[in-house]
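Worksheet: the structure to be examined is printed underneath.
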Number of protein chains: 2
Amino acid sequence: MSNLENKYTNLSVDCVIFGYRNEQLNVLLIKRKGSENFSKEQYALPGDLLDKKDSLDEAAEKILFNLTHFKGIYLEQFYTFGAPRRVSNKADREWLKASRKIPGERVITVAYFALVKVEDYSADYRSNDGEISWTPINEIPQLTFDHNQIVEKAHAYLRANLIDKQIGFELLPEKFTLSELQSFYETILNVAYDKRNFRKNIKSQTFIKKLDEKVEGQAHRPARLYTYEPDKQ
Amino acid sequence: MSNLENKYTNLSVDCVIFGYRNEQLNVLLIKRKGSENFSKEQYALPGDLLDKKDSLDEAAEKILFNLTHFKGIYLEQFYTFGAPRRVSNKADREWLKASRKIPGERVITVAYFALVKVEDYSADYRSNDGEISWTPINEIPQLTFDHNQIVEKAHAYLRANLIDKQIGFELLPEKFTLSELQSFYETILNVAYDKRNFRKNIKSQTFIKKLDEKVEGQAHRPARLYTYEPDKQ
DNA sequence: TCAAAAGTGTTGCATCTACACCCATGG
DNA sequence: CCATGGGTGTAGATGCAACACTTTTGA
C-alpha cells in the first residue's frame with residue numbers, strides 16, 4: 001500500500017465480494033488477528049483509503065486484484081455511506097489508530113459490489129490486513145464500522161438485479177445444468193420454482209445455450225450442460 | 001454557508017432536482033454570472049462541499065432547502081462520481097479558484113436525486129451561487145465539471161424507477177386527470193399508451209383513488225380528478 | 001433391479017393488446 | 001350546433017401456474 005500522503009484520509013472504497021459455493025451465497029471477509037493494539041479478532045470488508053490518483057473504479061479494481069489476482073471481474077459501485085458517527089465504537093477506533101489511519105475522524109465509504117466465480121478464484125492470496133475467507137451470507141459475524149449494513153444493502157441489490165441484469169452468471173461456473181441454475185436462483189431469491197415451468201422459461205431465453213456435453217459419473221441420468229452467452233448489442 | 005474549515009475540501013454533494021412543467025421534465029440549474037475572475041456564464045447543478053458534521057443525506061437536504069425552502073421532498077442518493085480528471089477544463093478551474101475552493105484538486109461528488117412538485121415550489125429563493133431556473137431536460141446546456149453526465153445518470157435512474165417505485169407522483173400535482181397522468185408517463189418514458197388500456201391498468205392499481213371532483217371551465221367534457229395514496233405497509 | 005435425479009406437455013386462468021364510438025361541456 | 005377532449009367494452013392472443021410420469025445412468 002502506498003503511504004498516507006497519497007491517500008484521502010477520510011474516503012475509503014470497500015468491496016462486497018460475492019461468491020457462490022456449497023449451494024450458498026458467500027461473502028469474502030478479512031479477519032484481523034488480535035494484537036497488542038486492539039484486543040479482539042475483527043472481521044471487515046476488504047477495502048482501502050482512496051488513492052488520490054485513482055478513480056473510484058480503479059481503487060475498487062485494485063482492492064479486488066490484491067485479494068484475488070484476477071482482473072475483469074464484475075464490479076459495480078452501488079452506494080456511498082457517510083453518517084458522521086459511523087466510526088463510533090471503541091474497537092473500531094482502536095483499529096483505526098493501530099492501522100495509522102486518523103482516529104476519531106469520520107470515514108466516508110464508497111461501496112462496491114463484485115461477483116466472482118469461486119472455482120476460478122485462487123485462495124492462496126492474502127490481504128496485508130489479515131486472513132481472507134469466504135463466509136456464507138447468513139453466517140456473517142459482527143463486522144467493523146457499518147460494514148454489516150453495507151453487506152445488507154449489497155445483498156438487497158444483488159437480489160433486486162439478479163434476473164433483470166443477468167448477473168447471476170458471474171457467480172456460476174461456465175457450464176451448468178438446469179437443475180443447478182434453478183437451485184441457484186432459488187437459494188439467492190429464497191423462492192421455489194416449478195421444475196417444468198422453470199425449464200420452459202429458461203429455454204425461451206436466447207442467452208442460454210445448450211451444449212453437446214453431459215455431466216458424467218453420477219448414479220443417475222446425466223444432466224445436459226448449458227452455458228451463458230449474452231445477446232449481441 | 002459555513003467556512004472552509006468545516007468542509008471536506010474534496011467531497012461535494014450535488015443534487016439533480018427534477019420538476020414537471022409545461023408537459024416536460026425539467027431540472028433545476030444554477031446560472032453563475034460572468035465576473036472578473038471567470039469570463040463566461042456557467043451552468044451547474046446545485047451543490048456544496050460536504051460539511052464535516054453532516055451526514056450525506058443531511059447535506060443534500062440542506063442544499064435542497066436553501067433553494068426551495070421545502071422539507072420532506074423526495075430525495076435519494078444515486079451515485080458517486082470521482083474520476084481524477086473531473087476538474088480539468090480551464091473555466092472549471094477558474095470557477096473553483098474564484099469560489100475559494102481548492103483549484104486543481106480532484107473533486108468527488110456524491111450525487112442526489114430529488115423530485116419536487118413545481119406548483120408547490122416558490123421560485124423566489126435564490127442560491128448564493130447565482131440565479132436558479134428550471135430547464136427542460138432536453139435543453140440542458142453544457143454544465144461545469146461532469147455535471148452533464150450526472151444529469152444523464154439521474155435521468156436514466158428516474159426512468160428506470162418511475163413505475164416500480166411509484167415516484168412519478170412526487171412530480172405530479174396532488175390532483176390529476178387520467179389524461180394528464182398518461183401524458184406524463186408518455187413524456188418521461190418516451191412511449192405511447194393506448195388510452196383504454198392505460199385507464200384499465202390505472203384503475204386496477206389500489207393506490208390511485210378517484211375523487212368526487214372534476215376539472216371546471218374547459219370547453220369540453222370535464223375530466224374526473226384522481227389522487228395518489230400509497231398502500232399501507 | 002433399484003435409487004436418484006433428469007427430462008418432458010397440456011389445460012385453465014389471468015393478463016395484455018388492438019380497436020371505435022358516444023358523452024359532456026363551453027363557445 | 002360544433003369543436004374538443006373525456007370516457008367506455010369486447011374479443012383474440014399471449015403468458016403464467018398447476019400438475020405426474022417416464023428416462024437414463026451407476027451401483
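With ring centers used as reference points, A:Tyr79 lies under 6.0 Å from A:Phe81. Taking the centre of each ring, A:Phe18 and A:Phe113 come in below the 6.0 Å mark. Separation of the A:Tyr185 and A:Tyr193 ring centroids does not fall under the 6.0 Å cut-off.
Over its full length, the helix from C:dT1-D:dA27 to C:dG27-D:dC1 turns its helical axis through 0°, comparing axes from the five pairs at each end and rounding to 10°.
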Could you list the protein-to-nucleotides 20-22 of chain C atom pairs, N/O on both sides, closer than 3.5 Å?
residue	atom	partner	partner atom	Å
C:dA20	N1	B:Arg196	NH1	3.4

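Within a heavy-atom distance below 4.0 Å of DNA chain C, no residue of residues 209-217 of chain A is found. Of the residues in residues 197-207 of chain B, those placing a heavy atom less than 4.0 Å from an atom of DNA chain C are B:Asn197, B:Lys200, in numerical order.
By the side-chain hydrogen bond (donor to acceptor under 3.5 Å, both in side chains) test, A:Glu61 is found to be paired with no residue, residues two or more places apart in sequence or in another chain being considered. In this structure B:Tyr43 satisfies the ring pair (Phe, Tyr, Trp, His ring centres under 6.0 Å) test with no other residue, sequence neighbours excluded. Not counting sequence neighbours, B:Phe78 has no partner by the ring pair (Phe, Tyr, Trp, His ring centres under 6.0 Å) test. Qualifying side-chain hydrogen bond (donor to acceptor under 3.5 Å, both in side chains) partners for B:Lys200, counting only residues two or more places apart in sequence or in other chains: B:Asn197. With sequence neighbours left out, the side-chain hydrogen bond (donor to acceptor under 3.5 Å, both in side chains) criterion links B:Gln166 to B:Tyr228.
Contact check for B:Ile17 versus B:Trp134: side-chain heavy atoms found under the 4.5 Å cut-off.
Relative orientation of the A:Phe145 and A:His147 rings is perpendicular, given thresholds of 30° and 60° on the angle between their planes.
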Scan the side chains in residues 207-226 of chain A for donor-acceptor partners under 3.5 Å anywhere in the protein, sequence neighbours excluded, and list what turns up.
residue	atom	partner	partner atom	Å
A:Lys209	NZ	A:Thr206	O	3.1
A:Glu213	OE1	A:Lys175	NZ	2.8
A:Glu213	OE2	A:Lys175	NZ	3.2
A:Arg224	NE	A:Leu211	O	2.8

Identify every side-chain donor-acceptor pair in residues 152-160 of chain B under 3.5 Å, counting partners at least two apart or on other chains, and give the distances.
residue	atom	partner	partner atom	Å
B:Tyr157	OH	B:Glu76	OE1	3.3
B:Tyr157	OH	B:Glu76	OE2	2.5
B:Tyr157	OH	B:Lys165	NZ	2.9

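Running 5' to 3' along DNA chain D, contacts with non-hydrogen atoms of chain B at under 4.0 Å begin and end at D:dA3 to D:dT10.
In this structure, CG of A:Leu181 is placed 15 Å from C1' of C:dA6, rounded to the nearest angstrom.
If A:Asp194 and A:Pro222 are placed on DNA chain D by their nearest nucleotide, the residue sitting closer to the 5' end is A:Asp194.
Listed here is the closest heavy atom pair of B:Thr187 and B:Ser183: OG1-O, 2.7 Å. Here the closest non-hydrogen pair linking B:Pro141 and B:Leu29 is CD-CD1, 3.9 Å. Residues B:Asp14 and B:Gly47 approach most closely at OD1-CA, 3.0 Å, considering heavy atoms.
The phosphate of C:dA6 has OP1 or OP2 within less than 4.0 Å of a side-chain N or O from A:Ser179.
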